[in-house]
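Everything numeric here is computed off the predicted structure, so don't read it as measured data.
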Amino acid sequence: MNTASAPDCPTCAESSTSARPGRRLARRSLLAGLGAAPAAALLASCSDGSSEGGTADVPQVEYQQGSAKLEVELGPEIDGVPYPEGYVGPKARESEPFADGSRTFTITTRAVENFDPNTNVFSAYLEEKTGVKVEYSTVPRGDEGAPKVNAILAGGDLPDALMLGPEWMGGFTKSELYVYGQQGLFRPLDELIDRLAPQLAEVFEQNPDFRAAWTAPDGAMYAFPSVNQCYHCRSSHARTWVHTPSMEAAGFSEQPSTIEEFEAMLRGMKQANPEIAPLTGHKDDLPLALVSAAFLDIGIEKLRRDGDTIVYTPLDEKMREVFATMARWSKDGLVDPNAFTQNNDQLIRLAMNASGSRVGVVQGVSPGSFSTVEYEKPDARFREFTTLRPFTGPGGTAIIPWNDVPGAGSVGLVIPASTEDPETLIRWADFQLSLLSTLSMRLGPQDERWRWAEPGDTGIDDRPALYKKIELEGETPDNQTWEEHGVFNLGMDVRHGESVNEANSIEPGIYRAGRTYEEFRAPQEALFVMPYFDSSQAAEVGELRTNLDSTYVQNAVAMCLGTKDAESDADWDAYVAALNAAGAERYVEILTEADAASL
């Protein structure tokens, strides 16, 4: 059986600000907390115990960004590449090796099943194209790999570079890069980038906010970044799906456009099939997104801007209406009480029930988040789910938080200060931003695993495609590609330039879902993006966020199930008090300090 899950887009966190070279930069970044991040203990031990002033008083590095002259030119473009009209991104170019392989560099990267970087096909491709010889060592992802990374950093015998991927893999946060850079552990890369990285210079030109996003409060870049732009990810946190046969059985030939019609649809589903869970989910993705959107801008990671004010949205008075609505629906059996306790596997079993879906409405990045994707079956259950359009509420049009932060990317390569030949590694990393390298990294060798698109091939965004996978008969060979733990350039037009067939790809569907939700996007000025934190701030924010998330979930579930009454002033005041006791006021205070220091 050919089954697959939809991409959960873990690398789509995006961050940026903008400023002119040579001036103090505006800096913001996403920080998911330090609980599972490498070397969190080392960060905490470096704290001076004070967060006063945030980053405002940090001495600036001497080098002025953009002041060095570029010494390396881009190679000539390869003819015959079918770039779609308006294409923005890396071009396919000729290149020559720039190293002779006389030195072997040591690089630590991630361990992946069926992956050996020292014998990998793409690793060999990089050596052939650049002449750079590398000996790789690996560490596991996430929590499992954190102790090993900590030991590497604390031991003093560092590799020539670290290539640990984005935060979801357990890679460095931007605040960690900044702290280690300030300590002299990681090398500032700006002067090397300006001299030796023409591909990255092109990225800066095409994305004016990108460099500022990767610049620490002291004015330096401590990582060579990857580009990772994802359109559908901007709304994936809110995306919700409806089981079309159940909607039609409820008497709806069209989707509901108001919250009153949505409620009527849920009631109709329950009447048509008493066994169905009209609105459900799982404990790690509470089914509140579209209901919340009908009342307020819930923000990204429960934060938004109101002018100069940072709002922790669980304390917004409009959340009372959200909770009261959910409690009323729960009392009437329209909200599945198991949605707050069951795991994802249990949810999938509901959706895949042999007698028909027991799921009416559910949140998820794609149908693959809550059902089994079986492309070979024309009548597969996942095809019965359709993107549910946001509906209006008491305040009018729904508001979908839109995670569209300039400078989208992830940490590609970090070079310790002790490395003797950082110049070669910068050129090696820059080559990986090229189009040919990026496609070979993701798909495998050109003309074996992918080729340029032909007339009539259509990309994810319905424009003419740029490239197309070559499907192999039989099993796909292992150890051909890399995961997204290195350097790559997945600009929007590269990502969308893949020729896809809806019969065997979920990408067109989630692209269209993003288009559906974009109509309801929150104003850009409402988006709050986490700033850089110093070591003491980072450690405190990580702890506060953990406590707040736990307290919020516990109390939100009680409100939604009606064991606490959102319409009762006493219960609402207790809810607010619980969040403040967990650190909500201090959380916003630190965010405000760091944010002000970033301007």
Colleague: Is it the case that more than 12 heavy atoms not belonging to E144 sit under 6.0 Å from its CD atom?
Modeller: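 No, CD of E144 has 12 or fewer neighbouring heavy atoms, counting only those of other groups under 6.0 Å.
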Colleague: Apply salt bridge (Lys or Arg N to Asp or Glu O under 4.0 Å) to E589 and list each qualifying residue two or more places apart in sequence or on a separate chain.
Modeller: R586
Colleague: Parallel, tilted or perpendicular for F370 and F385, by the 30°/60° rule?
Modeller: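 Aromatic pair F370/F385 classed perpendicular.
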Colleague: Kindly indicate, with the supporting measurements, whether the criterion salt bridge (charged side-chain N to carboxylate O under 4.0 Å, His left out) is fulfilled by D462 and R512.
Modeller: CA-CA 10 Å; D462 290 329; R512 289 194 301 271; 5.5 Å; no
Colleague: How about R495 and E507: do any of their side-chain heavy atoms sit closer than 4.5 Å?
Modeller: no
Colleague: Check whether any side-chain heavy atom of I259 lies under 4.5 Å from a side-chain heavy atom of T392, and answer yes or no.
Modeller: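 No; the side chains remain at least 4.5 Å from each other.
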Colleague: For residues 258-267, pull every pair meeting side-chain hydrogen bond (donor to acceptor under 3.5 Å, both in side chains), keeping only residues two or more places apart or in separate chains.
Modeller: S257-E261, T258-E260, E263-R267, E263-R328, E263-W329, R267-D332
Colleague: Around R515, counting heavy atoms of other residues, nucleotides and ligands shown, do more than 12 lie under 6.0 Å from its CZ?
Modeller: no
Colleague: Would you please classify the geometry between the Y231 ring and the H496 ring as parallel, tilted or perpendicular, with 30° and 60° separating the classes?
Modeller: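 Taking Y231 first and then H496, their aromatic rings stand perpendicular (interplane angle over 60°).
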Colleague: I want to check something: taking the side chain as every heavy atom from C-beta on, are V411 and S226 in contact at a cut-off of under 4.5 Å?
Modeller: no
Colleague: With a 3.5 Å cut-off and sequence neighbours excluded, list the donor-acceptor pairs that the side chains of residues 569-576 form with protein atoms.
Modeller:
from	atom 1	to	atom 2	distance (Å)
D569	OD1	R320	NH1	3.4
D569	OD1	R320	NH2	3.1
D571	OD2	D565	N	2.8
W572	NE1	E317	OE2	3.3
Y575	OH	P314	O	2.7

Colleague: Which residues pass the side chain to side chain donor-acceptor pair (under 3.5 Å) test with S550, sequence neighbours left out?
Modeller: none
Colleague: Can you give me every donor-acceptor pair (side chain of residues 291-300, partner residue at least two apart or in another chain, under 3.5 Å) with its distance?
Modeller:
from	atom 1	to	atom 2	distance (Å)
S292	OG	L288	O	2.7
D297	OD1	G299	N	2.9

Colleague: What residues, two or more places apart in sequence or in another chain, satisfy salt bridge (Lys or Arg N to Asp or Glu O under 4.0 Å) together with R141?
Modeller: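 Counting only residues at least two positions away or on another chain, R141 forms a salt bridge (Lys or Arg N to Asp or Glu O under 4.0 Å) with E483.
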Colleague: Given 3.5 Å as the limit, does a donor-acceptor pair link the side chain of E275 with the main chain of S355, or not?
Modeller: no
Colleague: Tell me whether E518 at atom CD has more than 12 heavy atoms from other residues, nucleotides or ligands lying less than 6.0 Å away.
Modeller: yes
Colleague: Quick one about D534 and S536 (side-chain donor to acceptor, distance below 3.5 Å, no hydrogens or angles considered), yes or no?
Modeller: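 A pair is found: one side chain offers a donor N or O, the other an acceptor, under 3.5 Å apart.
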Colleague: Between D218 and Q182, is the side-chain hydrogen bond (donor to acceptor under 3.5 Å, both in side chains) condition met? List the steps.
Modeller: CA-CA 8 Å; D218 60 1; Q182 284 275 294; 2.8 Å; yes
Colleague: For the side chain of K283 and the backbone of A339, is there at least one donor-acceptor N/O pair under 3.5 Å apart?
Modeller: no
Colleague: Checking T313 side chain against K302 main chain: does a donor-acceptor pair fall under 3.5 Å?
Modeller: yes
Colleague: Mind checking side chain to side chain donor-acceptor pair (under 3.5 Å) for Y587 and listing every partner two or more places apart, or none if nothing turns up?
Modeller: none
Colleague: Quick one: list whatever passes salt bridge (Lys or Arg N to Asp or Glu O under 4.0 Å) with D493, sequence neighbours left out.
Modeller: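 Testing D493 for salt bridge (Lys or Arg N to Asp or Glu O under 4.0 Å), a comparison that skips the adjacent residues, returns R463.
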Colleague: Go through the structure and list residues passing side chain to side chain donor-acceptor pair (under 3.5 Å) with K564, not counting sequence neighbours.
Modeller: N555
Colleague: Please collect all salt bridge (charged side-chain N to carboxylate O under 4.0 Å, His left out) contacts where either partner lies in residues 345-370, sequence neighbours excluded, each pair once.
Modeller: none
Colleague: With sequence neighbours excluded, tell me which residues meet ring-ring contact (aromatic ring centres under 6.0 Å, His included) with H485.
Modeller: F115, W482
Colleague: Can you tell if the side chain of P245 reaches within under 4.5 Å of the side chain of H243, non-hydrogen atoms only?
Modeller: yes
Colleague: Keeping Q255 on the side-chain end and T387 on the backbone end, is there a donor-acceptor pair under 3.5 Å?
Modeller: yes
Colleague: Tell me every residue that passes salt bridge (Lys or Arg N to Asp or Glu O under 4.0 Å) with R239, counting only those two or more places apart in sequence or in another chain.
Modeller: none
